[in-house]
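This report refers to the structure that appears directly beneath it.
The sequence lines fix the lettering, A, B, ..., with proteins before strands; numbering per chain opens at 1.
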Protein chains: 2
Amino acid sequence: MDQTAEPESSRTKQQELHEAVDWHLALQDSRYTKGRRRLVQVLSDAGRPLTLPEIASHRADLPQSSAYRNLDVLERAGVIRRITHSGDHAYFELAEPFVDHHHHLVCIECGQMEDIHLDEDVEQLVDTGLRRAAERVGFTPLHHSLDLHGYCAECEADME
Amino acid sequence: MDQTAEPESSRTKQQELHEAVDWHLALQDSRYTKGRRRLVQVLSDAGRPLTLPEIASHRADLPQSSAYRNLDVLERAGVIRRITHSGDHAYFELAEPFVDHHHHLVCIECGQMEDIHLDEDVEQLVDTGLRRAAERVGFTPLHHSLDLHGYCAECEADME
DNA sequence: TTGCTTGCAAATGATTTGCACTGCT
DNA sequence: AGCAGTGCAAATCATTTGCAAGCAA
């Protein structure tokens with residue numbers, strides 16, 4: 001009761017994902033172990049950034065230290081991205097080669113993050129503007145992050 | 001040797017700043033004490049986000065607990081903003097009513113942040129795009145944050 | 001059998017908090 | 001007086017690390 005109920009195309013994407021991750025890890029003499037595969041699977045299924053406790057709740061048997069260590073390995077390998085915004089826990093999501101470029105809605109009440117996408121032309125303008133500003137001060141740009149902070153529907157409702 | 005060498009206009013701005021902060025704090029039955037004034041002054045002078053150690057280096061006599069507590073008070077009062085990006089320390093800067101809307105260059109090597117400004121029309125497009133995405137999921141937007149991550153000139157040079 | 005992994009327990013370190021004292025108002 | 005602010009020391013708590021044992025090439 002795990003890899004059933006998935007449409008054919010999705011199953012293929014999963015395979016591709018894991019193969020690609022395997023390859024990335026191999027480049028660093030790291031192995032794609034069961035624990036690491038679990039992490040990638042959970043993050044892939046979630047479709048939004050998760051904290052370590054959230055990840056653990058999906059997979060009961062995840063020793064914290066190993067989870068943190070593996071998230072670190074995966075981050076160094078460029079497989080996942082660590083996001084920190086004021087709040088107790090860091091959030092983790094699949095990195096860009098493995099998911100589309102996107103941004104986040106960040107709830108300042110509960111911390112939850114949700115993925116959103118912007119039009120390609122807006123992305124272009126933003127990127128150009130940032131690149132220009134970076135050039136002015138000799139800054140070497142790698143990637144941008146753009147988040148909208150506010151209240152998620154649930155928290156907004158809870159505030160009556 | 002403290003408030004000299006400042007152009008006349010700047011001196012006035014400082015006064016306005018402190019008066020405004022005083023007012024904001026008063027709204028919360030908080031006093032604008034010497035310690036709090038120091039924090040605001042240092043952040044205002046810096047013109048870029050600072051960590052607590054950085055703030056302390058400007059003002060030797062700043063007990064950590066008091067500094068953290070006052071930064072918290074100032075944050076609640078809407079005077080300053082706390083920024084956290086992967087890295088050991090949180091960064092603090094004056095909040096938006098007290099400084100122009102801006103974004104940051106974030107060095108992923110040393111953590112330093114630098115302020116940058118984008119064209120007004122790009123800001124508009126971004127805001128509109130984000131607002132649209134937020135509406136779709138019933139998210140109540142407050143403000144956006146946009147950072148460019150990469151290597152600052154100094155760190156880039158250090159990597160030879 | 002060499003070297004990456006794992007998981008437990010212990011350490012780290014930024015930030016927070018308890019408490020007694022100071023100082024406005 | 002009465003309550004906000006201060007600073008020291010101690011507590012918190014997410015994350016990291018040491019180490020001995022497990023596992024894959």
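Under the 3.5 Å distance criterion, the side-chain polar atoms of Arg59(B) are left unmatched by any main-chain donor or acceptor of Leu39(B).
Nucleotide dC8(C) holds its P atom 11 Å from the CG atom of Leu62(A), rounded to whole Å. Between Asp88(B) atom CG and dT15(C) atom P there is a gap of 8 Å when expressed in whole angstrom units. Separating the CG atom of Asp61(B) from the P atom of dG7(D) is a distance of 8 Å, rounded to the nearest angstrom. Between the CG atom of Leu52(A) and the P atom of dG7(C) there is a distance of 13 Å, given to the nearest Å.
For Asp127(B), the salt bridge (charged side-chain N to carboxylate O under 4.0 Å, His left out) partners are Arg131(B), not counting sequence neighbours. Taking the side-chain hydrogen bond (donor to acceptor under 3.5 Å, both in side chains) definition, one finds that Glu156(A) meets it with Thr140(B), sequence neighbours left out. With sequence neighbours left out, the ring-ring contact (aromatic ring centres under 6.0 Å, His included) criterion links His144(A) to His101(A), His103(A).
Classified by interplanar angle (parallel below 30°, tilted 30° to 60°, perpendicular above 60°), the ring pair His24(A)/Phe98(A) is perpendicular.
Residues from residues 64-78 of chain A placing a heavy atom under 4.0 Å of any atom in DNA chain D, listed by number, are Gln64(A), Ser65(A), Tyr68(A), Arg69(A). Contacts between residues 30-41 of chain B and DNA chain D, counted as heavy-atom distances below 4.0 Å, involve Ser30(B), Arg31(B), Thr33(B), Arg36(B).
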Give every donor-acceptor pair under 3.5 Å between a side-chain atom in residues 71-87 of chain A and any protein atom, sequence neighbours left out.
from	atom 1	to	atom 2	distance (Å)
Asp72(A)	OD2	Arg76(A)	NE	3.1
Asp72(A)	OD2	Arg76(A)	NH2	3.1
Glu75(A)	OE1	Arg82(A)	NE	3.3
Arg81(A)	NE	Glu93(A)	OE2	3.2
Thr84(A)	OG1	Ser86(B)	N	2.8
His85(A)	NE2	Gly111(A)	O	3.2

Dump the intermediate steps for side chain to side chain contact (heavy atoms under 4.5 Å, CB included) on Leu146(B) and Leu130(A), then the final yes or no.
CA-CA 9 Å; Leu146(B) 172 53; Leu130(A) 289 175; 4.0 Å; yes
Please walk me through it: do His104(A) and Arg48(A) pass side chain to side chain contact (heavy atoms under 4.5 Å, CB included)?
CA-CA 9 Å; His104(A) 302 108; Arg48(A) 66 180 183 82; over 6 Å; no
